[in-house]
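Read through the structure below, which is laid out as structure tokens, and then see the notes.
This chain uses plain numbering: 1 for the first residue, then up along the sequence.
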Amino acid sequence: MSSGQNSGGLMSSAGLVRYFDAEDRNTIRIDPKTIVAFGVFFGVFIMVLNFLAI
């Protein structure tokens with residue numbers, strides 16, 4: 001490989017990094033606290049269902 005050729009490694013991925021770093025205003029935004037609260041609620045709900053099934 002000559003020193004004048006570009007291997008295309010880092011330069012070819014630069015567009016992807018730029019694409020994924022850009023924030024789109026049309027995306028759904030959910031607060032991380034909402035996700036954690038939903039997980040806790042779902043866990044408690046499953047435990048209640050298991051308790052009622054006994």
Side-chain angles (χ1 to χ4, degrees):
M1 181 185 311
S2 77
S3 62
Q5 286 181 321
N6 186 2
S7 63
L10 186 59
M11 290 301 290
S12 65
S13 65
L16 290 175
V17 171
R18 196 175 322 126
Y19 174 76
F20 285 114
D21 281 344
E23 286 197 30
D24 189 10
R25 295 178 190 249
N26 296 330
T27 59
I28 298 172
R29 297 183 186 188
I30 303 174
D31 187 31
K33 293 177 186 175
T34 305
I35 301 296
V36 172
F38 180 76
V40 170
F41 173 75
F42 189 72
V44 170
F45 180 69
I46 295 297
M47 291 175 69
V48 168
L49 287 179
N50 282 333
F51 178 73
L52 292 176
I54 293 177

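Cluster note: I30 groups with I28, I35 through ILVMFWY side-chain heavy atoms spaced under 4.5 Å, whether in direct contact or through intervening members.
Here D31 pairs with K33, T34 under the side-chain contact (heavy atoms from CB on, under 4.5 Å) rule; sequence neighbours left out.
V36 and F45 are members of different hydrophobic clusters when ILVMFWY side chains are connected at heavy-atom separations under 4.5 Å.
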